[in-house]
Amino acid sequence: MSKIINDEELKHSASHVLAMAVKNIYPTVKLGIGPAIEDGFYYDFDFVSPVKNEDLEKIEQEMARLIKANLKFEQIEKTRAEAKKLLQKQNEPYKIELLKDIPSGEKITFFKLGNDNIPNPFTDLCAGPHITYTPKIKAFKLTKITGAYWRGKSENKMLTRIYGVAFRTKDELVQYELLQEEIKRRDHNKIGRELEIFASDPIIGQGLPLLLPNGTKIIKTLQRFVEDEEEKRGYMQVMSPDFTKSDLFKISGHWQHYKDGMFVIGNELLDEEVFALKPMTCPFHATMYKQNIRSYRDLPIRYSETAKQYRNENSGEMHGLVRVRQYTLSDGHVFCRPDQVQQVFDECLELCDFLLKKIGLHEKVTYRLSKWDIKNKDKYIDNPIAWEDSQEQIRKVLTRNKMKFYEADGEAAFYGPKIDIQIRNVHGKEDTLMTVQLDFALAERYDLSFIDENGQKQRPFIVHRGSLGAYERVLAFLIEHYAGAFPTWLSPVQAVIMGITNKQDDYVNKVFTELKSTYLNGHGFQNGLRIERDIRPEKVGFKIREHTKRKIPYLIIVGEKEQESNTIAIRTREGTDLGSMSVKEFIETIIKSQVHKNSLTTDKENLI
């Protein structure tokens, strides 16, 4: 009975074939590591002369030759002395360094890749496991070349990392390539720039995107929508400074646990007054809570803030709008009694779920219970009983709300466990979109209290929550989800009107003014329709193609016929002809679709 191939084995085996192929073509290369990863494999190399993406083809050809040669993977066990001697003979300094890290007494193994037809088999320090013979790799592709510091440390040498994918069938490779085309079509970095939603400039700095008028309009529309929904649910809008004295974060514990992630102004060693840009709002909101004596009847108290926040992300982590150094968070904190924690969590999850459904991302998210790591207590406030109790409270909330979730150790904030609402971008990388956290420590650190029904002081619990998360990150996922064709209510430009010839310019201006001044609030829109007019002396076909590429939901076209009948002809960005109608009928069509659908997903005609 044949062995079932494990994907990890397949991918890891392909990385060895890659290393052997590179060694054959570039004999002076030094080898780093070559693990299987979630979406394929890679191998790190130290080349004497740089290699480029155009060199991947000849490496692939050599890999194909080796796979076809029916090479066998053979495990070889060696003593430490034997292993060191072999690696010295191979002149592999990085492998010698890895050998030193293998604990004393642990088995040391190599894998030899070759057969009788190969005069120089490839032997690599490796724990395995591997497939038996290379033809098990039915399809593969090298995907890209990047730089990577040896062992991920910036003080080490930059190596060349070659990525690839491997499959058990050729059909899987075909599906992979189709998926890559779809990824390119939806990549927010590409679409966002093409549609003039955001830009970046090295003079300004990495992770500091410029939100252009189109992107700003989308984010401002989302902000108004979120703030209105928060107010309906009892939240009070507040504002806090963009920076503060470091003392505030020393009280909360952020200085001790998170200082490296802050932008710090001043130097304590020089006896300067030290400030930090705001990486979170919770210490500010806790200080606001403390401004008055609170009764148990006052709780829960809900603060929300559309807050600019700043975090010193590593350069390698930053990506488009998903991970940046300055972002805008729909932040908030609820101060509640212990007996209100479950109710508050229910309310926060309901708001998150409501907003996700309205923007169309609810089916793309997963829920994670992020817990502390008992084996790494230094990262967290040392109160095991509080941790276990808080984690169980959150578990009950998720279970009661019938939400499918998984648990992850070591993902909690240092002050408490949380529910992370996770989402993957088109490249498959997972990020946190929204968070609801239970904090059992901050109230004590800031000496927060409320007076209970017996006149005694008690500590409140604090629930930290981001109702929609970081607007920049949400925008990135919306761009990818809709491939830039946003629902009408979110589109920065909702319609453009043009004449067939310049003879209709006066009529174009008349209809433009009427639509722009029509009050639509209360139907998912803010005030008048966001409309442009195009009276350039260009052919109407050229204008239609241009505005279709801009993914504007409605193209309004008027000619002599429409001018005489006081109507407008409507065409959607997909090319659907909705026919002629009056301005009033057009507005009613938009409003009707918004009210009756009660959903902001796209349909064939993109009416909402």
Side-chain angles (χ1 to χ4, degrees), residues 230 233-236 238 251-254 257 280-305 331-353 367-372 374 377 380-403 405 407 409 411-421 434-467:
E230 288 175 334
R233 289 163 172 80
Y235 284 90
M236 297 177 285
V238 296
I251 297 170
S252 66
H254 288 98
H257 289 273
M280 66 283 296
T281 64
C282 39
F284 296 92
H285 292 185
T287 305
M288 293 178 186
Y289 174 92
K290 200 175 178 180
Q291 298 306 303
N292 288 299
I293 297 172
R294 309 293 181 176
S295 163
Y296 72 97
R297 294 188 182 90
D298 299 327
L299 274 55
I301 289 174
R302 304 175 181 89
Y303 291 146
S304 63
E305 179 175 2
D331 209 356
H333 297 86
V334 183
F335 301 83
C336 62
R337 305 189 307 263
D339 63 295
Q340 294 172 325
V341 168
Q342 296 271 316
Q343 169 202 333
V344 168
F345 258 81
D346 287 346
E347 292 172 354
C348 291
L349 285 176
E350 183 277 328
L351 176 57
C352 290
D353 187 57
Y367 293 82
R368 182 180 75 189
L369 169 50
S370 297
K371 305 186 296 183
W372 79 320
I374 196 170
K377 291 183 179 180
Y380 305 98
I381 290 173
D382 187 13
N383 190 338
I385 294 175
W387 277 105
E388 294 304 320
D389 179 64
S390 299
Q391 288 170 179
E392 181 57 28
Q393 287 209 58
I394 295 177
R395 194 177 287 114
K396 287 178 179 177
V397 169
L398 288 165
T399 303
R400 187 175 63 254
N401 283 280
K402 298 180 180 179
M403 290 180 168
F405 67 97
E407 301 188 11
D409 292 333
E411 295 292 342
F414 74 86
Y415 49 79
K418 54 182 177 167
I419 298 171
D420 283 324
I421 301 177
M434 306 142 102
T435 290
V436 185
Q437 302 174 351
L438 182 57
D439 182 347
F440 54 77
L442 197 62
E444 182 174 352
R445 292 186 173 220
Y446 278 98
D447 193 26
L448 308 185
S449 63
F450 67 90
I451 307 301
D452 68 14
E453 59 269 35
N454 299 314
Q456 302 298 312
K457 277 189 175 184
Q458 303 292 342
R459 297 282 184 214
F461 273 88
I462 304 173
V463 176
H464 307 240
R465 43 102 286 184
S467 56

How far apart are the closest heavy atoms of [X] and [Y], and which atoms are they?
{"X": "L448", "Y": "A286", "result": "CD2-O, 3.5 Å"}
{"X": "Q391", "Y": "L369", "result": "O-CD2, 4.0 Å"}
{"X": "G416", "Y": "A412", "result": "O-CB, 3.6 Å"}
{"X": "Y380", "Y": "E411", "result": "OH-N, 4.0 Å"}
{"X": "T287", "Y": "Q291", "result": "O-NE2, 2.7 Å"}
{"X": "V463", "Y": "C336", "result": "CG2-SG, 4.4 Å"}

Hey, could you give me the [atom1]/[atom2] distance between [X] and [Y], rounded to the nearest 0.5 Å?
{"X": "F405", "Y": "D420", "atom1": "CZ", "atom2": "CG", "result": "13.0 Å"}
{"X": "I451", "Y": "L299", "atom1": "CD1", "atom2": "CG", "result": "11.0 Å"}
{"X": "R368", "Y": "T435", "atom1": "CZ", "atom2": "OG1", "result": "8.0 Å"}
{"X": "L438", "Y": "Q342", "atom1": "CG", "atom2": "CD", "result": "9.5 Å"}
{"X": "M288", "Y": "E305", "atom1": "CE", "atom2": "CD", "result": "6.0 Å"}
{"X": "D339", "Y": "F461", "atom1": "CG", "atom2": "CZ", "result": "10.5 Å"}

Is a donor on one side and an acceptor on the other found under 3.5 Å between the side chain of [X] and the backbone of [Y]?
{"X": "N401", "Y": "V397", "result": "yes"}
{"X": "K290", "Y": "Y446", "result": "yes"}
{"X": "Q437", "Y": "A413", "result": "no"}
{"X": "D298", "Y": "S295", "result": "yes"}
{"X": "Y289", "Y": "S449", "result": "yes"}

So do [Y] and [X] actually touch side chain to side chain, heavy atoms under 4.5 Å?
{"X": "F335", "Y": "H285", "value": "yes"}
{"X": "D389", "Y": "Q393", "value": "yes"}
{"X": "F440", "Y": "P338", "value": "no"}
{"X": "S390", "Y": "I394", "value": "no"}
{"X": "R337", "Y": "Q458", "value": "no"}
{"X": "C352", "Y": "I421", "value": "yes"}
{"X": "R294", "Y": "P460", "value": "no"}
{"X": "M280", "Y": "H464", "value": "no"}

List the steps and the verdict of side-chain contact (heavy atoms from CB on, under 4.5 Å) for Y303 and T281.
CA-CA 10 Å; Y303 291 146; T281 64; over 6 Å; no
What verdict does the salt bridge (Lys or Arg N to Asp or Glu O under 4.0 Å) test give for E230 and R302, after you've listed the backbone C-alpha separation in whole Å, the side-chain angles of each residue and the deciding distance to 0.1 Å?
CA-CA 9 Å; E230 288 175 334; R302 304 175 181 89; over 6 Å; no
Quick one: is the NZ or CZ of R465 closer than 6.0 Å to the six-membered ring centre of Y235, and within 45° of its axis?
yes
After noting the C-alpha distance and the side-chain angles of C282 and D439, does the key distance pass the side-chain contact (heavy atoms from CB on, under 4.5 Å) rule?
CA-CA 10 Å; C282 39; D439 182 347; 5.9 Å; no
If you look only at pairs with a residue in residues 451-462, which of them pass as a salt bridge (charged side-chain N to carboxylate O under 4.0 Å, His left out), with sequence neighbours excluded?
D447-R459
Give a yes or no on whether a salt bridge exists between E347 and R233, defined as a side-chain N under 4.0 angstrom from a carboxylate O.
no
Mark yes when over 12 heavy atoms from residues, nucleotides or ligands other than E444 sit less than 6.0 Å from its CD; otherwise mark no.
no
Can you classify the ring geometry of W372 versus W387 as parallel (below 30°), tilted (30 to 60°) or perpendicular (above 60°)?
parallel
Walk me through it: do S252 and R445 pass the test side-chain contact (heavy atoms from CB on, under 4.5 Å)?
CA-CA 6 Å; S252 66; R445 292 186 173 220; 5.5 Å; no
